[in-house]
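Worksheet: the structure to be examined is printed underneath.
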Amino acid sequence: MKTCILFESGNRWGGVTFLLSRLAVELSAEMGDDFFVLHDGTQKDEGLIDYLNENNIKQFNYVQEPIEEILKHIYESGYDKIIFHAESWGGLLRVGPFKKKYNIKIIIGVNSYMNGFWYRGLVAKYIKFRYGKYVDSWVFFAHGTKNRFCRYADVSDKSWVIPWGIEPVSGINKSKSYVDIYKNEEEPYKDGEKYIFYAANFSKNKSHKELVDLLC
């Protein structure tokens with residue numbers, strides 16, 4: 001069974017994004033040319049579509065071509081399994097009706113700030129009711145987000161926590177010292193030691209227990 005990954009670039013800021021473009025290029029370089037991008041022909045910043053073209057990333061424009069024709073073309077190109085990583089609810093609804101016909105598995109990334117405040121009950125239940133029949137995997141970017149969502153819309157059995165990646169620091173001048181906030185003193189880095197820096201907006205309604213448990 002030959003599988004391809006189809007990324008949707010359709011988040012609420014609109015158009016192809018730098019992060020998605022780089023992800024598609026890096027994955028293609030590491031794992032082969034089975035990564036495609038679905039978008040509406042626009043880009044968040046100039047040059048991103050050219051960047052994808054220069055790196056031979058196959059793209060499909062769902063404004064110029066009906067979504068079913070795109071999926072049919074991919075399927076008939078020898079991919080009898082398609083993994084669709086949706087970035088938007090609209091994209092999920094475009095592809096969802098064809099998931100059985102073209103053997104599509106759908107992943108949706110869920111952010112805690114996109115629908116209501118902390119996914120209060122009715123919002124989470126509505127999301128599951130409206131989109132759940134199409135979703136194979138719900139991806140959250142933090143355990144707290146997943147826990148809040150699943151409290152009202154029980155999708156725990158097919159949900160995953162995948163944190164955002166960390167930017168590489170090659171070429172960046174690294175500091176030789178840091179400020180210890182407990183001592184309020186500047187300390188030099190020591191060879192062989194590992195340092196974890198955690199930046200957070202501390203407030204009384206945020207729990208950091210999971211982070212503390214992880215570090216301890």
Would you mind reporting whether Ser28 and Asn55 have side-chain heavy atoms less than 4.5 Å apart? no
The reported gap from CD1 in Ile108 to OG in Ser159 (rounded to nearest 0.5 angstrom) is 13.5 Å
In terms of hydrophobic clusters joined by side-chain contacts under 4.5 Å, are Met31 and Leu23 together? yes
Where is the tightest heavy-atom contact between Ile49 and Gly41, given as atom of each residue plus distance? CD1-O, 3.7 Å
Test side chain to side chain contact (heavy atoms under 4.5 Å, CB included) on Lys146 and Val110; report intermediate values, then the result. CA-CA 9 Å; Lys146 174 188 171 184; Val110 187; over 6 Å; no
Contact check, side chains of Tyr102 and Glu68, non-hydrogen atoms, under 4.5 Å: yes
Once you round to the nearest 0.5 Å, how far does NE2 of His85 lie from OG of Ser9? 12.0 Å
Could you tell me if the side chain of Arg22 sits less than 4.5 Å from the side chain of Tyr51, heavy atoms only? yes
Which residue is it: Ile5, Val25, Ile83? I am looking for the one with a side-chain contact (heavy atoms from CB on, under 4.5 Å) to Phe35. Ile5
Test item: Asp136 and Lys99 side chains (from C-beta on) under 4.5 Å apart, heavy atoms: yes
Please step through side chain to side chain contact (heavy atoms under 4.5 Å, CB included) for the pair Ile57 and Phe7, ending with a clear verdict. CA-CA 11 Å; Ile57 301 299; Phe7 289 113; over 6 Å; no
Would you call the rings of Phe140 and Phe149 parallel, tilted or perpendicular, where under 30° means parallel and over 60° means perpendicular? tilted
SG of Cys4 to CZ of Phe36: how many Å apart, nearest 0.5 Å? 5.0 Å
Backbone N or O of Asp34 within a donor-acceptor pair of the Lys2 side chain at under 3.5 Å? no
Mind checking whether Trp89 and Tyr131 have parallel, tilted or perpendicular rings, split at 30° and 60°? parallel
Are Leu93 and Arg130 side-chain neighbours, meaning at least one heavy-atom pair lies under 4.5 Å? yes
Find the distance between CD1 (Ile106) and NZ (Lys133) and round it off to the nearest 0.5 Å. 11.0 Å
Got a second to check how far Gln64's CD is from Glu69's CD, nearest 0.5 Å? 14.0 Å
Cluster link Trp138 to Phe129, ILVMFWY, side chain under 4.5 Å: no
Specify the closest pair of heavy atoms between Gly91 and Phe84, including all atoms of both residues, with the distance to one decimal. O-CE2, 3.6 Å
Check whether any side-chain N or O of Asp40 sits under 3.5 Å from a backbone N or O of Thr42 as a donor-acceptor pair, and report yes or no. yes
Going from CG on Leu52 to CD on Gln43, what distance comes out if it is rounded to the nearest 0.5 angstrom? 9.0 Å
Does the side chain of Leu6 reach to within under 4.5 Å of the side chain of Tyr79, using non-hydrogen atoms? no
Which of Ile67, Leu71, Ile74 passes side-chain contact (heavy atoms from CB on, under 4.5 Å) with Leu38? It is Ile67
Can you tell if the side chain of Lys128 reaches within under 4.5 Å of the side chain of Val155, non-hydrogen atoms only? yes
Greater than 12 external heavy atoms within 6.0 Å of Lys72's NZ: no
Would a 4.5 Å heavy-atom cut-off, applied to side chains only, mark Glu8 and Ser88 as touching? yes
